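Throughout, protein chains are lettered first and strands after them, A, B, ... in sequence-line order, and every chain is numbered starting at 1. Computed from a predicted model, the values in this text were never measured in an experiment.
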Protein chains: 2
Amino acid sequence: MVNETQHSCSASSSSRSDGGSSSGSESSKDNSRCSTPVLDADRHERLREKMRRRQDAGDKWFSLEFFPPRTANAAVNLISRFDRMGAGGPLFIDVTWHPAGDPGSDKETSSMIIANTAVNYCGLETILHMTCCNQTKDDITGHLQKAKRLGLKNIMALRGDPSGEEWEEEVDGFNYAVDLVKHIRNEFDDYFDICVAGYPKGHPEAESYEADLRHLKEKVFAGADFIITQLFFRPETFLKFMKDCQAIGITCPIIPGIFPIQGYHSLRQLVKLSKLEVPQEIKDVIEPIKDNDAAIRNYGVELAVSMCRELLDSGMVHGLHFYTLNREVATTEVLKRLGIWKEDPRRPLPWAVSAHPKRRVEDVRPIFWASRPKSYIYRTQEWDDFPNGRWGNSSSPAFGELKDYYLFYLKSKSPREELLKMWGEELTSEESVFEVFTCYITGEPNRNGYKVTCMPWNDDPLATETNLLKDQLEKVNRRGILTINSQPNINGKPSTDPIVGWGPSGGYVFQKAYLEFFTSSEIVMALLKVLKKYELRVNYHIVNVKGQNITNAPDLQPNAVTWGIFPGREIIQPTVVDPVSFLSWKDEAFALWIEQWAKLYEEESPSRMIIQYIHDNYYLVNLVDNDFPLENCLWQVVEDTFELLN
Amino acid sequence: MVNETQHSCSASSSSRSDGGSSSGSESSKDNSRCSTPVLDADRHERLREKMRRRQDAGDKWFSLEFFPPRTANAAVNLISRFDRMGAGGPLFIDVTWHPAGDPGSDKETSSMIIANTAVNYCGLETILHMTCCNQTKDDITGHLQKAKRLGLKNIMALRGDPSGEEWEEEVDGFNYAVDLVKHIRNEFDDYFDICVAGYPKGHPEAESYEADLRHLKEKVFAGADFIITQLFFRPETFLKFMKDCQAIGITCPIIPGIFPIQGYHSLRQLVKLSKLEVPQEIKDVIEPIKDNDAAIRNYGVELAVSMCRELLDSGMVHGLHFYTLNREVATTEVLKRLGIWKEDPRRPLPWAVSAHPKRRVEDVRPIFWASRPKSYIYRTQEWDDFPNGRWGNSSSPAFGELKDYYLFYLKSKSPREELLKMWGEELTSEESVFEVFTCYITGEPNRNGYKVTCMPWNDDPLATETNLLKDQLEKVNRRGILTINSQPNINGKPSTDPIVGWGPSGGYVFQKAYLEFFTSSEIVMALLKVLKKYELRVNYHIVNVKGQNITNAPDLQPNAVTWGIFPGREIIQPTVVDPVSFLSWKDEAFALWIEQWAKLYEEESPSRMIIQYIHDNYYLVNLVDNDFPLENCLWQVVEDTFELLN
């Protein structure tokens, strides 16, 4: 009777020794500490499995389509958009393939690099489109190999638009998407999840709707895992298409492509390209308001919401794919009104997990890069395992050099003129630098009336969590403790806490208070005297640009500063203060003074010399208060330091 | 200026990538989780380094000498004594070498096996004595190789008593201890720490006191690391000897051998063997009370305390070596009065760390063997690393079989007659078994007036920590929830807490509540229904002797149930509930019913059949309450179960 329960599993003692669960083999390399915590099933699943699991669980989901931008600046903006829209919890995003834009190259704006950024830097499950006509097998294979190398796992296999009016089939060439699907399966076996396009009204070049359905079936039978459809204007169009697909034996998921009308011109252009006809009832509404962008967008949102509702209510649709046109407002609005935009999706770890399959086991990072996660990923991209021999003790490459510092995703999102307005057209003293830091913390405008919304070490406004420390931070920055990273102590808050929570529900999260700042050698000397009183409670690392390093860390051991306790799991400690990696971070933290700030000014200018002076003479300090159940003592440490100086 | 501080260390960015600290290389194999926590410097140090460190820190310490017992039963008792006296915090113990007793054999009573047990099972730093005269080089090398294999790291190199009255030096043979010292250094390089004997009055066979000092110097210069002296009766004897040693250039530690007089006869025998003369002032006291054992022992304690005080006060003595004669009371009394018996020495981990060098990285164990640590060590002795591929997932041997179950250190300390008195000469029903469990918990005598001080799963009375749960445990055992292991939940108590604390000071320890018991299938069925209500809070494993296994553990992951947070360290989680190893424990836990209990009774007897019935039909259950900050819900789970049954 007992064995009838759901969780029952039988194990004889003889079967134990030869392996147990297959997931266990991965952790057999580990030493005696925590095994790889499987925090989030997502991290180990293929896209097609995630889709299936969400469907089985009755969850509704959405995905977002983007195209590669034309300029490097636009790319920086698009990546910020990935981060913002990624926060809503898309199941995946996809990046279109622009044959004219050298899509497989290493250019900042290529399809390949944009998809790479989405996966590796933004942690988004990503499908890379790929078209095949007018390309050689070797080209295609090269692109696919590169995609695999970059950690891309999903391909949308398309024919693409043949160039020239009189396109003819090539013998042995790639003439249709099905050829590409077959090629991927031949050359890469089951490595990629493959998506293909479906046309609810039939492909415009197909002999007939029925013939097009047969082509689609061919694509699926050649190895495609799911279908995303071309846009359509009426829900019944999709539902009929879906039934027709099922009738001829297509059983894989079919995801409707949703196009929220966002403006008169974009609609007209899309219609021209897709050779679709806009239904009269829509034309009737749009024509009279065609010069009123806001009105059209509102109507587009209404229309999309009502169509999506009908699709979801049909019970046949579990996921919705949005053609965003790289815009944010309309799609986000539709998703919020549908209730499938997840304002605060569960964070599996306190930092955003990279979606690269190699990095899926990564579950601990140094705290130093907390505000520069993309830089951390960039500098650790050559690692074979995560972390690399506990941050640099192994023979494999340690942290990447700073030489490629100008790569677009490491640059500030703001242009030079804006940065000058925020950080000062002209600095007159170290104190004017203190002011910039203080304004960043308080959110108050600076003396010229500009808000300081980013700093070289923080490309975004203050984190919600840091806001908890705002008053104290303001006070110390005014006096030359130039903070760049901090966290409050947390003594067992629920893992679902909206500000500090992470990991599975039902758990508890903890933090030790942390404070990291630049400051003058005068303050450092007083600080060191004060720290003697706190020797047993506070760990510190103090380093200058030359690498002179003062610490009380025992045996250079890492200090865990964020950890979580969860039901039925081992302890997870995703953030540490690690003395070894701190020296790599130090290089970056000091370089940012020069690269992002000093270089805004003319050489030899007083402003530049002030920043250069700070770079050359200040120390970078980090402090950890180990007594996390007590009130954070780091403010008292700083207070005592100032008192000693007076 | 800053660089003048104590903790200053300079690191240039170029030196970072090639390794950092040498201790780091060990953790480079680890995955991304906690690195090997260096909890206790003791675990990584050689005995001579520990000695030096204690001396530098101004700590006083002691060590204890034992001889191998004559019978297997005496060996079981001696090992219990190791545990009890080990709790006082000796720096090391040493085990003498009895040439007549086949000292290097695998017999339960051999010097080798007793030393092995002390190191591996009791976690004590241990010196094995070894004598060399009348032995071949091959014999000696064989013994040393075996000692090394067993994890012994320290040898006391002695000549031994030549057999036969007219002993003559052998050419190329081992004639003196110095030959053995040289041999060890030749054959084993610096692997062993070597101790040699010093004679404060000169060796009785030496030509002169001065000649003996020169012999001692030879031994030290041949490679001995420290000296333990023969016993003496007056502190000035030792202090003069020490000065004389220093005067001729002996600079290694010299540890005085202390012999608390424990009885008239043992004193006379020792004097005869050592050819020492008892000073008249001692004889004057002892002769009149020679038939009063207690009086002599009291005097012996007084004498030893006063001599030890004088030695320690001299400033020349940092450690005291006690000749215990395998007895406990006198030595313990002296140590307590001197204030160097550490009632509750800091526990580096919640369980006793094995002193085997291979096991020094071990820092996580399944909770199941909490009351049977020696059995755990025995069953894991073949492992290459700790734990072995997370308890059985690797290709190396998993848990050792139970076939050698009768090995003496796995047996109960109590003889059959005592066990029968405690557990019942005659069982009449399952309820009489419930009574035995209940009496063990309460400490009350059973119906025949005997206290139940051990159980097959617990060879010792209830742990202090378990006492916290006594009332609830009593209640549930009365009703057939036969508990064998439990711990309360702990939400951040100081690591120095006398009952639940462990690890370095300044930290905080945590526990999830745990309860493990045998119970009938009827209760299990009700329990499973109740557990549905607690699905998200309580993890369970329920298994019967046939291996039918019911659990809600996600993906067979271990659940951390004891962990600690320490200043400047990574998280340590030394105890887990591990689903894989639970199935190995299950075999042992069920076998104990038969091997230790059922077999006390005649075959076919009703008593034996009752135990056999329980063995065949009961389930072994473990429950973890994951919500450690809240009140332990496991008692409510049990309460609900009984309610459902009524």
Side-chain angles (χ1 to χ4, degrees), chain A residues 2-3 5 7-13 16-17 19-21 23-25 27-28 30-35 38 362-364 386-387 389-390 392-394 398 492 506 524 528 536 539 547-560 563 567-571 573 580 583 587 626 629, chain B residues 2-3 5 7-13 16-17 19-21 23-25 27-28 30-35 38 362-364 386-387 389-390 392-394 398 492 506 524 528 536 539 547-560 563 567-571 573 580 583 587 626 629:
Chain A
V2 162
N3 286 311
T5 68
H7 297 293
S8 172
C9 68
S10 203
S12 77
S13 57
R16 254 179 302 122
S17 53
S21 70
S23 68
S25 63
S27 56
S28 67
D30 293 353
N31 204 331
S32 44
R33 266 69 43 191
C34 334
S35 72
V38 187
E362 182 179 22
D363 61 3
V364 59
F386 297 91
R390 302 298 288 178
N393 283 326
S394 85
V524 161
L528 278 167
L536 292 172
N539 280 109
Q548 288 173 324
N549 189 22
I550 313 159
T551 177
N552 67 344
D555 314 321
L556 292 182
Q557 285 190 68
N559 189 352
W563 63 98
R569 311 276 181 172
E570 297 188 67
I571 315 299
Q573 53 159 35
V580 178
L583 296 179
D587 292 340
N626 288 296
Chain B
V2 163
N3 286 310
T5 69
H7 298 293
S8 172
C9 67
S10 203
S12 75
S13 57
R16 253 177 303 121
S17 53
S21 70
S23 68
S25 64
S27 57
S28 68
D30 293 353
N31 203 331
S32 44
R33 265 71 41 195
C34 333
S35 72
V38 187
E362 181 180 22
D363 61 3
V364 59
F386 297 91
R390 303 298 288 177
N393 283 327
S394 87
V524 160
L528 277 167
L536 292 171
N539 279 111
Q548 289 172 323
N549 188 24
I550 313 159
T551 177
N552 67 345
D555 315 320
L556 293 182
Q557 285 190 67
N559 190 353
W563 64 99
R569 311 276 181 174
E570 296 188 67
I571 316 298
Q573 52 158 37
V580 178
L583 297 179
D587 293 340
N626 288 296

Closest non-hydrogen atom pair between B/Ala560 and A/Ile571, with its separation:
CB-CD1, 3.5 Å
B/Asn539 versus chain A, heavy atoms under 4.5 Å apart: side chain, backbone, both or neither?
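Contact with chain A is through the side chain of B/Asn539 alone.
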If you define the side chain from C-beta out and look only at heavy atoms, does anything of A/Gln557 sit under 4.5 Å from B/Arg569?
yes
